[in-house]
Amino acid sequence: MKNFVHYRFTLLVIATVLILPLIVSSGTLATEVLIFALAALGCNLLLGYTGLMSFGQGIFLGLGSYATGLSLLHLHVSLLPSLLIAMLVGAIVALAVGWFSIRQRGTYFVMLTLAFAQMFYFLAYTLKDITGGDNGLLNIPRPNLSLLGMTLLPTTTPWQYYSFVAVVFVLMFWLLQRVVDSVLGQTLLAIRENETRAAAVGYNITLFKLAAFVLSGAVTGLAGGLHAMMTGIAPLSNIEYHASESILIMTVIGGTGNLFASVLGAAFYVLIGNWLSSLWPRWLMLLGFLLIAVSLYMHKGLYGLAQSILQRLKRPRADAVEAVNSVASKETH
Amino acid sequence: MNIYLLQVANGIGIGMLYFLLAVGLSIVFGLLRFVNFSHGAFYLLGAYFSFQLGQMGLSFWWSLLVAPLVIGLFAWIVEKFVLRHIYALPHHFHILFTVGLALVVQEAVISYWGPLGNNISPPDILQGVVMFGDFIFPKYRLFVIAVTAVMALLLWWVLEGTRLGAIVRAGSESTEMVSLLGLNIDRIFSLVFALGAITAGLAGALAAPIRGVDPFMGVEALGIAFVVVVIGGLGSFFGALAGGILVGIVQSLMSTIWSEGAHLMIYVAMAAVMLLRPNGLFGRSS
């Protein structure tokens, strides 16, 4: 039972990954949900656990797509190495961007990440020979998952690719859940709650923030790589301001400070967006209103909303059990 | 040599426009401790209102006056009825709210005026060029420099020479102290927020004949305004001026040397300044 509580979010994610094909008819759409959920996880790690609001997540998404695309097109590497390269590029660039940005706090930090996002956008736009400029990188192949020449998992059809992405996603989620439950994650939370106090206790805040940044960059880079293989192109739009904005919006609408909330946020954004955009091309306006509503009334996002509804449905006795459970689970940490 | 001199002059023109764009963002932050992500949307609206008024047959001069005022009114209403209720929240809720507002404005612009760009021609009297010896300069750009210079002087006078300016400056040190002195800080907040929107709107209206109007100019402007205040230092009037002109000259010079990378170099300049002075040229440590 204790184990079940401990892994409840990972189990929830496994359930989500299994249910998604039942409610979404298109494999590509379902894959897109998982890919953006991955990007939102990276964003949540910064915003929800470290208190850093980054408008630069599109940098890592875009560079991840280019890295995977270029390595598949020119180096002819196989599936996993191309994704590793995307993660590595994401991590390295996040180290550089983070090194500049985290020396500033609060709003200055936010502005800097946005300025960096613009910088990388114009870089990608300018280096047309490498990135394909406006057209993006085209005809990116999607290799099968193979080991020593044996195909372990074909990725030809959308649903085959979905199952590969699902495995990667569950693995990454489990890993990140481990990270936020670890000493590192708890230290990040301490920094979020009170930076000055965390510094006074003796933590090297800069180092911890950088670690969060690098981790976030790697995860988002992976998302970018998976996205490039899904669509067969690495478009300029992955590195645009709107990519950064979308990732942040998904994270916030889902709710910060809980990783599973990001899965909810991404699913909501991608699925509702897909449905609404077929009805009304200007659906982003509704999203803007939703964002206004979240900032005014719904600070914990969809996850917080679901939580408070569940709380109200539960009888008082169940509340007591929950309280005992949460105390018990805290003691095991 | 002449071409570089021309580009520097051109850069000052663009730079003054960038100053006008960024100064409102900076002043609003100084007083309200609030980064306004919808600042670019005010600029966007300024450009489109001016375009619309032109379509309706109003002269350019009127649209230059009316468009910024309408946006100021809009901002004033937003501040009065919504923003003031979220000042107490952590800063990322301010950002979310203004990002949401910017998104709504941008989509509204697209649904009303369409996703494609439009051109605006400057009034007849400002078309063509002026010549100083062998130095040729477009009339409209000269006009922009003049207007923005007048606006800069006016703003400087308001901030340094008037009672309102004294209150704003005091408020950026301590809003509690100002309200303890019996001044209505809420009204001043609304006023300053509206003033910031008016300057952004005017920048948009002035920029429209130079670069045309398109629905995504707001995002671009927001990026540039951020660079200007990061270079100059948040909350500083002279920082916005120095940052704006620096960014303008860098962009303008680069467009002759390496036109593709002109926009990129703005951000490189920002990174360079940050390495030397993390709080910006005129910034106080945060």
Side-chain angles (χ1 to χ4, degrees), chain A residues 47 51-53 55 96-97 100-101 103-128 133 192 240-242 244-246 248-249 251-253 256 280-299 301, chain B residues 25 29 33-35 37 40-41 82 85-86 89-108 110-112 115 216 219-220 222-231 233-234 258-268 270-271 274-275 278-280 283 286:
Chain A
L47 180 60
L52 294 171
M53 185 178 230
F55 266 83
V97 171
F100 265 107
S101 313
R103 298 193 289 170
Q104 302 291 346
R105 285 190 194 179
T107 43
Y108 229 92
F109 169 86
V110 183
M111 297 167 79
L112 269 177
T113 52
L114 189 135
F116 274 113
Q118 288 290 87
M119 180 173 172
F120 276 94
Y121 165 73
F122 282 112
L123 189 68
Y125 183 78
T126 309
L127 300 175
K128 287 190 172 64
R192 185 192 74 179
E240 238 174 346
Y241 167 80
H242 284 293
S244 300
E245 191 183 52
S246 306
L248 192 68
I249 290 176
T251 311
V252 169
I253 285 180
T256 51
W280 187 42
R282 303 268 66 82
W283 71 278
L284 277 173
M285 196 192 283
L286 298 179
L287 196 69
F289 281 121
L290 183 64
L291 214 50
I292 289 172
V294 168
S295 61
L296 290 179
Y297 309 111
M298 217 171 83
H299 293 173
Chain B
L25 188 75
F29 177 82
R33 299 282 134 190
F34 182 97
V35 168
F37 268 68
V82 193
H85 301 297
I86 61 173
L89 298 175
H91 71 85
H92 61 266
F93 290 114
H94 305 165
I95 293 171
L96 284 182
F97 176 84
T98 47
V99 165
L101 184 63
L103 209 54
V104 170
V105 167
Q106 179 182 307
E107 293 304 306
I110 296 176
S111 55
Y112 190 76
F216 305 104
V219 171
E220 194 191 308
L222 189 68
I224 287 173
F226 280 4
V227 170
V228 169
V229 297
V230 164
I231 287 180
L234 254 176
W258 181 35
S259 64
E260 300 247 282
H263 261 104
L264 176 61
M265 291 317 284
I266 293 175
Y267 296 95
V268 174
M270 176 196 75
M274 279 201 56
L275 265 179
N279 288 315
S286 44

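Just so it is clear, the model here is predicted, and its values are computed rather than measured. Residue numbers begin at 1 in each chain, while the letters A, B, ... track the order of the sequences.
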If you count heavy-atom pairs under 4.5 Å with chain A, which of Phe226(B), Phe216(B), Phe29(B) comes out on top?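 Option with the greatest count: Phe226(B).
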Only pairs of heavy atoms separated by less than 4.5 Å count here; which of Val230(B), Leu96(B), Val227(B), Val99(B) has the most with chain A?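 That would be Leu96(B).
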Side chain, backbone, both or neither: which part of [X] has a heavy atom under 4.5 Å from chain A?
| X | answer |
| --- | --- |
| Val105(B) | neither |
| Leu89(B) | side chain |
| Ile110(B) | both |
| Ile266(B) | neither |

Identify which one of Phe120(A), Tyr121(A), Phe122(A) satisfies the ring pair (Phe, Tyr, Trp, His ring centres under 6.0 Å) criterion when paired with His263(B).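 Among Phe120(A), Tyr121(A), Phe122(A), the one that satisfies the ring pair (Phe, Tyr, Trp, His ring centres under 6.0 Å) with His263(B) is Phe122(A).
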For [X] versus [Y], what's the shortest heavy-atom pair and its separation?
| X | Y | result |
| --- | --- | --- |
| Ala115(A) | Tyr267(B) | O-CD2, 3.3 Å |
| Met285(A) | Ser111(B) | CE-OG, 4.0 Å |
| Thr107(A) | His91(B) | CG2-ND1, 3.9 Å |

Any side-chain heavy-atom pair from Glu107(B) and Leu287(A) closer than 4.5 angstrom?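 Not in contact.
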With a 4.5 Å heavy-atom cut-off, do Val110(A) and Val35(B) have their side chains touching?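 The answer is no; the side chains never approach within 4.5 Å.
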What part of [X] gets closer than 4.5 Å to chain B, counting heavy atoms only: side chain, backbone, both or neither?
| X | answer |
| --- | --- |
| Phe100(A) | both |
| His242(A) | side chain |
| Leu123(A) | both |
| Arg103(A) | side chain |
| Met53(A) | side chain |
| Leu286(A) | neither |

What is the distance from atom CG of Leu291(A) to atom CE of Met298(A), rounded to the nearest 0.5 Å?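 Those atoms lie 10.0 Å apart.
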For Phe37(B) and Phe55(A), I'd like to know if the aromatic rings sit close, meaning centre-to-centre distance below 6.0 Å.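 So the answer is yes for these two rings.
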